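Notes to accompany the following structure.
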Amino acid sequence: QVQLVESGGGLVQPGGSLRLSCTASGIIFSSYSMSWYRQAPGEQRELVASIGSRGAEPTYYNYADGRFTISRDNAKNTVYLQIDSLKPEDTAVFYCKATHIVTMGDYWGQGTQVTVSS
């Protein structure tokens, strides 16, 4: 049984920080690149960041800026997304995805809600 479980979201004030976690089970974690997506209400899901299967090639996409950092700990089967200086517009559900480095098959987590509000 494959599971990706996100955690670490919640309600935070503007300017605060969160570290999102996604822990995988049922896969050989080191055979998967990992990525984080966000989906705001009424918007399409968009790719925020990705990281290679062994921590190489952290890559950031259009939404991400210097406030975002992706990392992973293969010993814990976990990928992280650190978000600093949170803005209200960051409010979204954040999802993690595991993509097999050979087959390109993937798995999705259920998402964790990030709400940035005073």
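Not measured: the values here are computed from a predicted model. Position 1 is the first residue of the sequence, and the numbers go up from there.
Enclosure of atom CD in Gln110 is not indicated, since only 12 or fewer non-hydrogen atoms of other residues, nucleotides or ligands lie within 6.0 angstrom. Heavy atoms of other residues, nucleotides or ligands lying less than 6.0 angstrom from CD of Glu46 number more than 12. Dense packing is recorded around CG of Asp65, with more than 12 heavy atoms of other residues, nucleotides or ligands lying under 6.0 Å away.
Val48 and Tyr60 end up in the same hydrophobic cluster when Ile, Leu, Val, Met, Phe, Trp and Tyr side chains are linked at under 4.5 Å. In terms of hydrophobic clustering, with Ile, Leu, Val, Met, Phe, Trp and Tyr side chains grouped at heavy-atom distances under 4.5 Å, Val12 and Tyr80 are assigned to different clusters. Residues Leu81 and Phe29 are members of one and the same hydrophobic cluster, defined by side-chain heavy-atom contacts under 4.5 angstrom among Ile, Leu, Val, Met, Phe, Trp and Tyr. The hydrophobic cluster containing Met104 does not contain Ile27, counting ILVMFWY residues as joined when their side-chain heavy atoms lie under 4.5 angstrom apart, directly or transitively. In the hydrophobic clustering of ILVMFWY residues, with side-chain heavy atoms under 4.5 Å counting as a link, Val93 and Trp108 come out together.
Between the side chain of Arg19 and the backbone N or O of Gly8 there is no donor-acceptor pair closer than 3.5 Å. Looking only at distances, a side-chain donor or acceptor of Thr91 sits under 3.5 Å from a matching main-chain atom of Val116. For the pair Thr59 (side chain) and Glu57 (backbone), a donor-acceptor distance under 3.5 Å is present. Side-chain atoms of Thr112 never come within 3.5 Å of backbone atoms of Glu6 as a donor-acceptor pair (strictly under, hydrogens ignored). Side-chain atoms of Arg54 never come within 3.5 Å of backbone atoms of Asn74 as a donor-acceptor pair (strictly under, hydrogens ignored).
Rounded to the nearest 0.5 Å, atoms CD (Gln82) and OG (Ser17) are 5.5 Å apart. With rounding to the nearest 0.5 Å, the separation of CD1 in Ile83 from CZ in Arg67 is 7.5 Å. Distance check: Leu18 CG to Ser7 OG gives 11.0 Å after rounding to the nearest 0.5 Å.
When only modelled atom types and interatomic distance are considered, Thr23 and Thr78 share a side-chain donor-acceptor pair under 3.5 Å. In this model, no donor atom of one side chain and acceptor atom of the other lie less than 3.5 Å apart for Tyr32 and Asp106.
Shown here for Ala24 and Leu4, the closest heavy-atom pair between the two residues is CB-CD2, 3.3 Å. Closest of all the heavy-atom pairs between Met34 and Val79 is CE-CG1, 3.7 Å. The shortest non-hydrogen separation linking Ser53 to Ile101 is CB-CG2, 3.7 Å.
Contact annotation: the side chain of Ser71 never approaches that of Pro58 to less than 4.5 Å [non-hydrogen atoms, C-beta and beyond]. Counting only heavy atoms from C-beta outward, the side chains of Ser117 and Leu11 approach each other to under 4.5 Å. For the pair Leu47 and Ser35, the minimum side-chain heavy-atom distance is below 4.5 Å. Between Phe94 and Cys22, the closest side-chain pair of non-hydrogen atoms is not below 4.5 Å. The shortest side-chain heavy-atom distance between Gln1 and Ser25 does not fall under the 4.5 Å cut-off.
The cationic atom of Arg38 (NZ for Lys, CZ for Arg) does not lie both less than 6.0 Å from the six-membered ring centre of Phe68 and within 45° of the ring axis. Tyr37 does not carry Arg45 over the face of its six-membered ring by the limits of under 6.0 Å from the centre and within 45° of the normal.
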